[in-house]
Amino acid sequence: MATLELFNTLSGKIDTLEPVGAPELRMYCCGPTVYDYGHIGNFRTFLHVDVLRRFVHQLGIPTKHVMNVTDVDDKIIRNAAAAGLPIAEYTAKFEKAFFEDLTALNIELPEHISHATKSIPEMVSLIQQLAEKDIAYQAEDGSWYFRIARDPDYGKLSKKDLENITDGARVDLDEYEKDAARDFALWKAVKPPVNGIPEPSWDTALGIGRPGWHIECSAMATKFLGQSFDLHAGGEDLMFPHHENEIAQSECASGTTFARHWMHVRFLLVEGRKMSKSEGNFYTLRDLLLKGYRASAIRFLLLSVPYRNQMNFTIDGLTESTNAVDRLRTFHKRLLTGTFPEGLDPTIAAATVKAEQDYTAALASDLNTAEARAAIFDLVRAANAAADRCTLLAGNVAEILRVLALFDGVFAVLEDRDAALTRVALAWAEREGRLDEASPELLATLALTDADIDALVAERTQAKKTRNFARADAIRNDLLAKGILIEDGKDGVRWKRK
RNA sequence: GCACCGAUGGCGAAGUGGCUAACGCGCUGGUCUGCAAAACCAGUAUUCGAGGGUUCGAUCCCCUCUCGGUGCUCCA
């Protein structure tokens with residue numbers, strides 16, 4: 001059985017990822033802050049963590065995977081106040097949307113999902129442990145901070161030189177109530193209400209206030225996975241300061257290694273530029289679904305570039321990806337519905353074995369999703385060619401379907417749920433009064449039911465029988481304009497939504 | 001400013017000190033078809049940002065430059 005060789009930010013090299021001290025792989029992935037809809041950059045990270053989890057399962061290793069939901073932070077407080085809503089009500093909406101998006105992208109749910117606001121006692125306890133060691137201290141305003149000077153290992157993840165950091169920032173020391181400028185907040189004392197809306201706060205042994213940004217992950221990872229666990233993952237931007245601070249808090253409190261392995265997914269560009277609202281290239285998943293792009297194509301595109309490389313997300317790429325997924329589905333359908341002579345062709349059998357080996361080797365090698373994809377397309381081409389030559393035999397088909405299922409166990413795009421998912425997105429847009437953002441072609445396509453289309457296709461077939469090609473082509477072109485493609489196969493007529 | 005990463009065909013994107021530089025999409029021609037579509041076949045980078053160096057040999061190692069990205073502050 002192969003092992004997963006994965007780049008480890010902490011060691012700076014490729015290390016074998018495997019469970020230590022437990023049968024399952026214990027992993028923690030930084031989840032969303034539910035203050036807005038998720039954008040494709042967010043989902044690139046979650047998608048690659050999903051690949052990791054699915055591949056680890058294929059290696060025969062179960063996972064204990066924890067993801068947090070940050071449901072209290074500065075942005076949430078600010079936005080909820082602006083909307084005039086209690087934060088619980090405000091975050092509930094975006095949390096629901098987030099999980100709908102995970103479903104649309106076929107991302108498996110972690111074993112444990114943990115809310116920051118449900119783990120306050122654990123956070124308080126962790127800060128108290130640090131306070132006992134004089135590593136946490138309370139400032140004049142009542143907030144608690146972490147004393148970086150007491151942690152000789154600080155900076156080991158992001159490879160930062162502590163001296164440089166503090167020297168550079170010490171200039172503005174007067175503005176801080178902290179002992180050193182780089183000390184970070186563990187617990188934020190409550191502030192006065194804004195516009196009559198009180199800030200969310202908890203009355204604890206540390207005083208009335210709310211948790212700092214980093215403490216929740218330390219507390220919840222430890223709560224579910226123990227003081228030491230196998231893997232911690234997140235976007236590259238979280239490496240510093242978030243993950244660095246998690247390590248500092250956790251290891252100073254426990255005296256032992258926090259996560260052994262750290263995985264960071266690189267950012268993506270959109271149309272060659274940094275994604276930002278001001279550039280006009282900022283896409284949420286919902287934006288793309290309303291424009292008529294399929295969830296499966298989005299998933300496939302975001303997985304086509306390995307996680308450690310920067311990827312350039314483009315609308316053209318989405319079209320390509322749609323076509324690539326279609327080719328896989330067409331091939332899959334061909335194997336499922338075709339009839340093949342008994343027997344086993346040795347050449348195809350060898351190509352099948354090679355594809356499986358290449359696929360596994362690619363993912364085992366730092367999750368090289370691009371090579372894994374290539375391995376499967378090699379097999380698709382070989383098998384299609386054999387089928388055209390009538391040398392593809394039933395024994396081969398069974399094996400190829402097995403390898404295809406293996407591939408799809410990670411890429412998860414063969415099953416066509418796209419039209420249904422798009423309908424869900426449209427229903428949401430209607431509720432939110434945002435139906436005007438949907439593309440007209442999409443609305444035209446979905447206005448036709450499957451039965452409507454079947455009736456038109458039948459009429460066209462009838463017209464063809466009477467050699468009324470003008471009528472037949474008119475129906476085909478009309479459907480095509482509404483995004484429905486007709487294919488006349490040897491064994492009947494098929495149609496699909498584009 | 002300091003630190004780090006990247007630059008491969010029309011587009012996206014793997015990869016390697018020396019074998020025909022994967023794979024996908026696109027495009028061109030062919031087979032099939034009433035015409036299409038799908039599928040297949042053939043073609044599509046004498047070349048891997050620019051310049052220099054190391055080497056018998058570099059796209060892959062080193063240096064400089066240009067461009068893009070990221071971190072140093074909230075961000076997946």
Along RNA chain B (nearest heavy atom to each residue), the more 5'-positioned of A/Thr319 and A/Gly234 = A/Thr319

If you look at every strand shown and take non-hydrogen atoms under 4.0 Å, does [X] touch a base, only sugar-phosphate, or nothing?
{"X": "A/Leu301", "result": "nothing"}
{"X": "A/Arg476", "result": "base"}
{"X": "A/Asp488", "result": "base"}
{"X": "A/Asn312", "result": "sugar-phosphate"}
{"X": "A/Asp73", "result": "nothing"}
{"X": "A/His39", "result": "base"}
{"X": "A/Ile486", "result": "base"}
{"X": "A/Val265", "result": "nothing"}
{"X": "A/Asn368", "result": "sugar-phosphate"}
{"X": "A/Pro32", "result": "nothing"}
{"X": "A/Lys274", "result": "sugar-phosphate"}

Quote, to the nearest angstrom, the P distance that separates B/rC48 from B/rA21.
-> 12 Å

Would you check if A/Phe267 stacks with the base of B/rA76, given a 5.5 Å centroid limit and a 30° plane limit, both strict?
-> yes

So, do A/Phe469 and B/rG34 meet the stacking rule of ring centres under 5.5 Å and planes under 30°?
-> yes

With the side chain of [X] defined as its heavy atoms from C-beta on, choose the nearest nucleotide among [options].
{"X": "A/Arg381", "options": "B/rC72, B/rC41, B/rC35", "answer": "B/rC41"}
{"X": "A/Met275", "options": "B/rA76, B/rC35, B/rA39", "answer": "B/rA76"}
{"X": "A/Ala370", "options": "B/rC40, B/rA14, B/rC23", "answer": "B/rA14"}
{"X": "A/Arg467", "options": "B/rG69, B/rA37, B/rG34", "answer": "B/rG34"}
{"X": "A/Glu371", "options": "B/rA14, B/rA39, B/rG68", "answer": "B/rA14"}
{"X": "A/Asp237", "options": "B/rA13, B/rG71, B/rG24", "answer": "B/rG71"}
{"X": "A/Arg373", "options": "B/rA76, B/rG34, B/rG12", "answer": "B/rG12"}
{"X": "A/Asn42", "options": "B/rG12, B/rA76, B/rG68", "answer": "B/rA76"}
{"X": "A/Ala385", "options": "B/rG15, B/rC40, B/rA36", "answer": "B/rC40"}

Could you check whether the rings of A/His214 and A/His242 sit parallel, tilted or perpendicular, using 30° and 60° as the cut-offs?
-> tilted

Would you mind writing out the side-chain donor-acceptor pairs for residues 362-372 of chain A within the sub-3.5 Å range, not counting sequence neighbours?
from	atom 1	to	atom 2	distance (Å)
A/Asp366	OD1	A/Phe7	N	2.9
A/Asp366	OD1	A/Tyr307	OH	2.6
A/Asp366	OD2	A/Arg308	NE	2.8
A/Asp366	OD2	A/Arg308	NH2	3.2
A/Asn368	OD1	A/Ala370	N	3.3
A/Asn368	OD1	A/Glu371	N	3.1
A/Thr369	OG1	A/Leu303	O	2.8

Does A/Arg266 place a side-chain N or O at less than 4.0 Å from the phosphate oxygens OP1/OP2 of B/rA76?
-> no

Thinking salt bridges, do A/Asp358 and A/Lys354 make one under a 4.0 Å N-O criterion?
-> yes

Given pairs defined as Watson-Crick or G-U wobble with both distances under 3.5 Å, what dot-bracket annotation applies to RNA chain B, with ( ) intrastrand, [ ] crossing, | other strand and . unpaired?
-> (((((((..(((.....[....)))((((((.......))))))....(((((..]....))))))))))))....

